[in-house]
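Input: a single structure, listed below in structure tokens.
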Number of protein chains: 2
Amino acid sequence: MSAKTKKQIVIEAAAKLFSDKGYSAASMRELAGRVGLEQASSLYNHIKSKEEALQEICFENARKFIDGITSIESDIEHPTEQVRALIELHIQIATNDITSVTVFNDEWRHLSERPLSEFLALRKDYEERFKEIINKGIKSGVFKDMNPSFALHTILSALKWIHYWYKPGRDSDLENVRKDIMLLLMSGLRSH
Amino acid sequence: MSAKTKKQIVIEAAAKLFSDKGYSAASMRELAGRVGLEQASSLYNHIKSKEEALQEICFENARKFIDGITSIESDIEHPTEQVRALIELHIQIATNDITSVTVFNDEWRHLSERPLSEFLALRKDYEERFKEIINKGIKSGVFKDMNPSFALHTILSALKWIHYWYKPGRDSDLENVRKDIMLLLMSGLRSH
DNA sequence: CCTACCGATCGGTAGG
DNA sequence: CCTACCGATCGGTAGG
């Protein structure tokens with residue numbers, strides 16, 4: 001729609017910088033340089049603080065995952081197809097959203113107390129709902145009999161490498177990645 | 001064997017601290033406090049610099065993985081059993097070695113240029129050998145036909161959650177974790 | 001192992 | 001958006 005605001009530009013550059021260097025090693029002076037500002041102090045016309053940038057990144061992406069799983073719960077019926085759609089959701093966010101790395105990474109741990117506990121609550125909510133889908137599949141016999149929490153962690157962790165690997169030029173490989181990850185994880189999960 | 005040297009104590013505490021806060025956010029003053037020293041300057045009687053601690057942690061663990069895969073290549077014959085042993089190796093290192101987190105994590109990226117390129121060369125070597133085992137399995141038909149590099153990344157990434165989850169009190173769950181991870185990943189990989 | 005200290009860099013503010 | 005600046009904290013050294 002409308003052009004990106006300077007604030008959005010700053011926040012996307014911050015996400016890239018946090019991902020490159022880690023939140024603590026990323027300096028506001030380097031961030032300024034990356035968005036074409038000579039002085040770090042100029043950044044404060046667009047964002048309140050370094051942590052505000054981190055918060056926006058973390059919560060914007062948390063919302064994407066929550067929205068995604070909400071649609072999947074209501075639009076899709078069978079656990080097998082629901083898990084398939086969740087894997088698609090992770091791949092899609094990792095490859096479409098340059099800011100998502102920061103959430104996938106451990107940078108969220110640098111949030112201060114209040115936003116940190118809110119972020120962890122959102123993550124917990126997402127994980128519980130994902131786990132419940134796995135659990136339904138196990139109970140109905142379409143998934144192997146395993147601890148749903150262990151299966152959840154293994155799948156979520158397995159999906160993390162994509163955003164490290166993905167660069168815009170790799171779109172041609174993306175369809176193959178999707179197919180092989182799906183094959184490996186879904187046949188790992190399914191009982192037949 | 002012999003008691004831990006103070007240097008070893010410092011390095012293990014550094015590994016824990018780097019894992020808790022990230023390398024950049026970890027201060028030498030806090031590290032001093034954790035090993036019972038009042039002054040950060042006292043640390044420099046045991047280690048040369050903050051980065052020396054990081055180097056020791058990264059290279060010691062890289063060596064464990066290289067040694068592990070070397071044994072597996074020579075002692076075990078079939079790709080299926082080799083991959084099974086490699087998964088065991090990762091679980092064992094993640095749960096036995098408190099310093100290993102720093103390598104699993106992204107903290108190695110804070111190494112300076114020379115040690116960083118050496119570390120990446122070791123990691124590359126390990127990954128190539130792991131991939132070759134997967135490739136043999138695919139060629140001989142015991143594994144599904146998939147891109148061996150994608151399968152490698154997915155498996156390595158899937159194994160990373162264990163060390164975040166593992167705490168000494170959780171030994172009772174460890175056998176179940178091992179079983180379920182093995183079930184999910186090996187049946188994801190195998191063609192029959 | 002501590003005391004004393006240093007230059008560098010950090011996130012951020014005041015004011016225009 | 002820049003100039004000028006600040007207090008805090010950093011990793012590390014000298015010397016005993």
Side-chain angles (χ1 to χ4, degrees), chain A residues 3-58 99 102 105-116, chain B residues 3-58 99 102 105-116:
Chain A
K4 280 180 191 170
T5 65
K6 187 85 186 194
K7 180 172 180 175
Q8 284 174 306
I9 292 170
V10 168
I11 285 177
E12 284 181 19
K16 182 66 168 54
L17 181 60
F18 296 164
S19 160
D20 289 346
K21 305 268 177 110
Y23 179 76
S24 296
S27 79
M28 297 304 273
R29 282 157 178 82
E30 179 164 0
L31 177 58
R34 289 189 178 199
V35 295
L37 295 172
E38 281 184 22
Q39 299 298 327
S41 57
S42 302
L43 289 169
Y44 295 90
N45 294 295
H46 305 105
I47 54 172
K48 287 200 209 88
S49 65
K50 187 182 183 185
E51 204 199 312
E52 192 206 33
L54 181 62
Q55 285 181 32
E56 298 237 358
I57 296 160
C58 289
T99 70
T102 304
N105 279 1
D106 291 329
E107 305 310 326
W108 51 262
R109 70 181 157 172
H110 294 107
L111 290 167
S112 57
E113 210 167 333
R114 257 281 299 287
L116 178 59
Chain B
K4 280 179 190 169
T5 65
K6 187 83 186 195
K7 180 172 181 176
Q8 284 174 307
I9 291 170
V10 167
I11 285 175
E12 285 181 19
K16 181 68 167 54
L17 181 60
F18 296 164
S19 160
D20 288 346
K21 306 266 178 111
Y23 179 76
S24 295
S27 80
M28 298 304 271
R29 282 158 178 84
E30 178 164 0
L31 177 57
R34 288 191 179 198
V35 295
L37 295 172
E38 280 183 23
Q39 298 298 329
S41 57
S42 303
L43 288 168
Y44 295 90
N45 293 295
H46 304 106
I47 56 172
K48 287 199 208 88
S49 64
K50 186 182 182 184
E51 202 197 314
E52 192 206 34
L54 181 62
Q55 285 182 32
E56 297 236 357
I57 295 160
C58 289
T99 71
T102 305
N105 280 0
D106 292 328
E107 304 311 326
W108 52 262
R109 71 181 158 173
H110 294 107
L111 290 167
S112 58
E113 209 168 335
R114 257 282 299 288
L116 178 60

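Every chain is numbered from 1 and lettered A, B, ... according to where its sequence line falls, protein lines coming before strand lines. Note that this is a predicted model, so its numbers are computed, not measured. For the numbers below, each heavy atom of this structure counts, side chains included, while hydrogens, waters and symmetry mates do not.
Distance, B:His110 NE2 to D:dG11 C1': 15 Å, rounded to whole Å. Distance CD1 (A:Ile47) to P (D:dC1): 13 Å, rounded to an integer number of Å. Nucleotide D:dT13 holds its P atom 12 Å from the NZ atom of B:Lys48, rounded to whole Å. Put simply, OH on A:Tyr44 is 7 Å from P on C:dT13, counting in whole angstrom units. Atoms CG (B:Leu31) and P (C:dC1) sit 13 Å apart, rounded to a whole Å. Between the P atom of D:dA14 and the CG atom of B:Leu43 lies a distance of 17 Å, rounded to the nearest Å. As a whole-Å value, the separation of A:Glu51 CD from C:dG12 P is 9 Å. When the C1' atom of C:dC1 is taken as reference, atom CD1 of B:Ile9 falls 15 Å away, rounded to whole Å.
Sequence neighbours left out, the pairs with a member in residues 8-35 of chain A that pass ring pair (Phe, Tyr, Trp, His ring centres under 6.0 Å) are A:Phe18-A:Tyr23, A:Tyr23-A:His110.
When the nucleotides D:dG12, D:dC1, C:dG12 are ranked by their closest atom to the side chain of A:Lys6, D:dC1 comes out on top.
When every heavy atom of A:Val35 is checked against every heavy atom of A:Ala13, the shortest pair comes out as CG1-CB, 3.5 Å. The minimum heavy-atom distance linking B:Leu17 with B:Ala26 is given by the pair CG-CB, 3.6 Å. Closest heavy-atom contact between A:Leu37 and A:Ser42: CD1-CB, 3.9 Å. Residues B:Thr99 and B:Ile57 come closest through the heavy atom pair O-CG2, 3.4 Å.
Here A:Lys48 does not pair with A:Glu56 in a salt bridge; the nearest charged N to carboxylate O distance is not below 4.0 Å.
Side-chain atoms of B:Ile47 and B:Gln55, non-hydrogen and from C-beta on, never get closer than 4.5 Å to each other. At least one side-chain heavy atom of B:Thr5 sits under 4.5 Å from a side-chain heavy atom of B:Gln8.
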Inset, instruction - Map every base of DNA chain D to its dot-bracket character, where paired means a Watson-Crick or G-U wobble contact with both distances under 3.5 Å and | marks a partner outside the strand. - result: ||||||||||||||||
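Applying the side chain to side chain contact (heavy atoms under 4.5 Å, CB included) test to B:Asp106 and every residue at least two apart in sequence or in another chain returns A:Asn105, A:Tyr164, B:Trp108, B:Arg109. Every salt bridge (charged side-chain N to carboxylate O under 4.0 Å, His left out) that A:Glu30 has, sequence neighbours left out, goes to A:Lys21, A:Arg34.
DNA chain D is contacted by no residue of residues 16-27 of chain A, taking any non-hydrogen atom closer than 4.0 Å.
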Show the distances under 3.5 angstrom between N or O atoms of the protein and N or O atoms of nucleotides 2-6 of chain C.
unit_1	atom_1	unit_2	atom_2	d
C:dC2	OP1	B:Glu38	N	3.4
C:dC2	OP2	B:Glu38	N	3.4
C:dC2	OP2	B:Ser42	OG	2.8
C:dT3	OP2	B:Gln39	NE2	3.3
C:dT3	O4	B:Ser41	OG	3.0

Legend entry - side-chain contact (heavy atoms from CB on, under 4.5 Å) assessment of A:Asp20 paired with A:Lys16: CA-CA 6 Å; A:Asp20 289 346; A:Lys16 182 66 168 54; 3.1 Å; yes
